[in-house]
There are 2 protein chains.
Amino acid sequence: MYSIDKLKEYLENKDVKPSYPRLKVLEYLLRYQNHPTADQIYNALVNEIPTLSKTTVYNTLHRFVESKVATPVCVDGGETHYDATVNEHGHFKCQICKKIFDFDIDLEKACEKGLTGFEILNRSINYKGFCPNCVE
Amino acid sequence: MYSIDKLKEYLENKDVKPSYPRLKVLEYLLRYQNHPTADQIYNALVNEIPTLSKTTVYNTLHRFVESKVATPVCVDGGETHYDATVNEHGHFKCQICKKIFDFDIDLEKACEKGLTGFEILNRSINYKGFCPNCVE
DNA sequence: AGTTATAATGTAATCATTACAAATTTGACA
DNA sequence: TGTCAAATTTGTAATGATTACATTATAACT
Ligand SMILES: [Mn+2]
Ligand SMILES: [Mn+2]
Ligand SMILES: [Zn+2]
Ligand SMILES: [Zn+2]
């Protein structure tokens, strides 16, 4: 799916040194597209990288965010989820199965009033409700 | 500004018993419109209500949220802020002064693709950047 | 190889939030 | 007004995600 060389190149282009933990975290994010938490990533990788530290996962994710390799997804007060899809899109969190779904949204036509003079750096759109599998 | 009787009536209409701490929390939210955290509310009220417990503030806010007296605002991973303005609107958090600003947004025209079959219960729109006072 | 910068690790601390049991208040009713 | 059950409030202890930080390991460069 994603060759190590491609991942290395991708990180280098974003000025992130492609260490082994970083490559593995990126590979995980891209492969599963499941908006995992730091803890989920750690648990998924620690078998393959027994020396992995949870702090390294946090460090890596922070690095990814500041280099725009990943986006944090804070859909409610709980843990932060991470997403390697960095183009703008919405997130829908199902209240039953807790899964986070992507959806496309075009905010150009959604007229915002009251933001003249503000410099917008990023926008996050989070919906909550029931996913098709969980609507009864 | 907001008479105690009006506040009482408002809470009763939402099926929330108007206890003294609840009235004071609601009054604070409505008066300052500053999207405070539980801690900020506690610190603002504890002088006037010396017996106030932080747990009561949390209990009250949870009650308010479930009764739609208030909305939680989770703009980034940190603390949850609360808002007594419950009609849909966007929030802008300034990265410098940390203030949270309201803005109007009409999502009707923002076409969402990929949500057929989903039942949406609520939407939250959070922007980040620099407010007019902090843009250099 | 030696030197320096960068990254990873482990542990302890932080801090918002929650759990829980005890105390207090409220409101209905006799 | 007194009684009693239900609801609310309180204080404290626990939780759990995240961060701070000092140490160790790895990488890059001369
Ligand atoms: Mn996503
Ligand atoms: Mn608001
Ligand atoms: Zn679901
Ligand atoms: Zn500002």
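Each chain gets a letter, A, B and so on, in the order its sequence line appears, and its residues count up from 1.
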Sidechain-backbone polar pair: A/Lys109 side chain, A/Asp106 backbone, donor-acceptor under 3.5 Å:
no
What is the distance, to the nearest angstrom, from the CD atom on A/Glu12 to the P atom on D/dA27?
14 Å
Just by distance, do the side chain of B/Arg22 and the backbone of B/Lys17 share a donor-acceptor pair under 3.5 Å?
yes
Integer-rounded Å distance: C/dA16 C1' and B/Asn43 CG:
13 Å
Interatomic distance where CG belongs to A/Asp76 and P belongs to D/dA17 [whole Å]:
13 Å
Taking the nucleotide of DNA chain C with the closest heavy atom to each, which residue, A/Thr60 or B/Tyr82, is nearer the 5' end?
A/Thr60
Checking contacts here: which listed nucleotide (D/dT9, D/dA7, C/dA7) is nearest the side-chain heavy atoms of B/Lys17?
D/dA7
Using OP1 and OP2 only, check whether a side-chain N or O of A/Ser19 sits under 4.0 Å from C/dA8.
yes
Using a cut-off of strictly less than 4.0 Å, decide whether A/Tyr58 has a side-chain nitrogen or oxygen near OP1 or OP2 of D/dT19.
no
How many Å lie between CG on A/Leu11 and C1' on C/dT6, as a whole number?
15 Å
Starting at atom CG of A/Leu23, determine the distance to atom C1' of D/dT26, rounded to an integer number of angstrom.
15 Å
Could you list all the side-chain hydrogen bond (donor to acceptor under 3.5 Å, both in side chains) pairs where at least one residue sits in residues 58-81 of chain A, not counting sequence neighbours?
A/Arg63-A/Glu66
Select one nucleotide: of C/dA8, C/dT17, D/dT18, the one nearest the side-chain heavy atoms of B/Thr80.
C/dT17
Is the distance between the ring centroids of A/Tyr82 and A/Phe64 under 6.0 Å?
no
Under 6.0 Å between ring centres, would you say that holds for A/Phe92 and A/Phe103?
no
Tell me the interatomic distance from B/Gln40, atom CD, to C/dA16, atom C1', rounded to whole angstroms.
13 Å
Can you name the atoms? Protein N/O to nucleotides 10-16 of chain D N/O, anything below 3.5 Å, with the distance.
| residue | atom | partner | partner atom | Å |
| --- | --- | --- | --- | --- |
| D/dT10 | OP1 | B/Thr51 | O | 2.8 |
| D/dT10 | OP1 | B/Thr51 | OG1 | 3.0 |
| D/dT10 | OP2 | B/Ser53 | N | 3.2 |
| D/dT10 | OP2 | B/Thr56 | OG1 | 2.6 |
| D/dT10 | O5' | B/Thr51 | O | 3.1 |
| D/dG11 | O6 | B/Thr55 | OG1 | 3.2 |
| D/dT12 | O4 | B/Thr55 | OG1 | 3.2 |

Nearest heavy-atom neighbours spanning B/Asp83 and B/Gln33
OD1-OE1, 4.5 Å
Please determine whether a side-chain nitrogen or oxygen atom of B/Arg63 lies at a distance below 4.0 Å from atom OP1 or OP2 of D/dA7.
no
Within the 3.5 Å criterion, strictly below it, is a donor on A/Tyr28 or A/Gln40 matched to an acceptor on the partner's side chain?
no
Using a cut-off of less than 4.0 Å, is there contact between a side-chain N or O of A/His62 and OP1 or OP2 of D/dT19?
yes
If the cut-off is 4.0 Å, is B/Arg22 near the phosphate of D/dT9, judged by side-chain N/O to OP1 or OP2?
yes
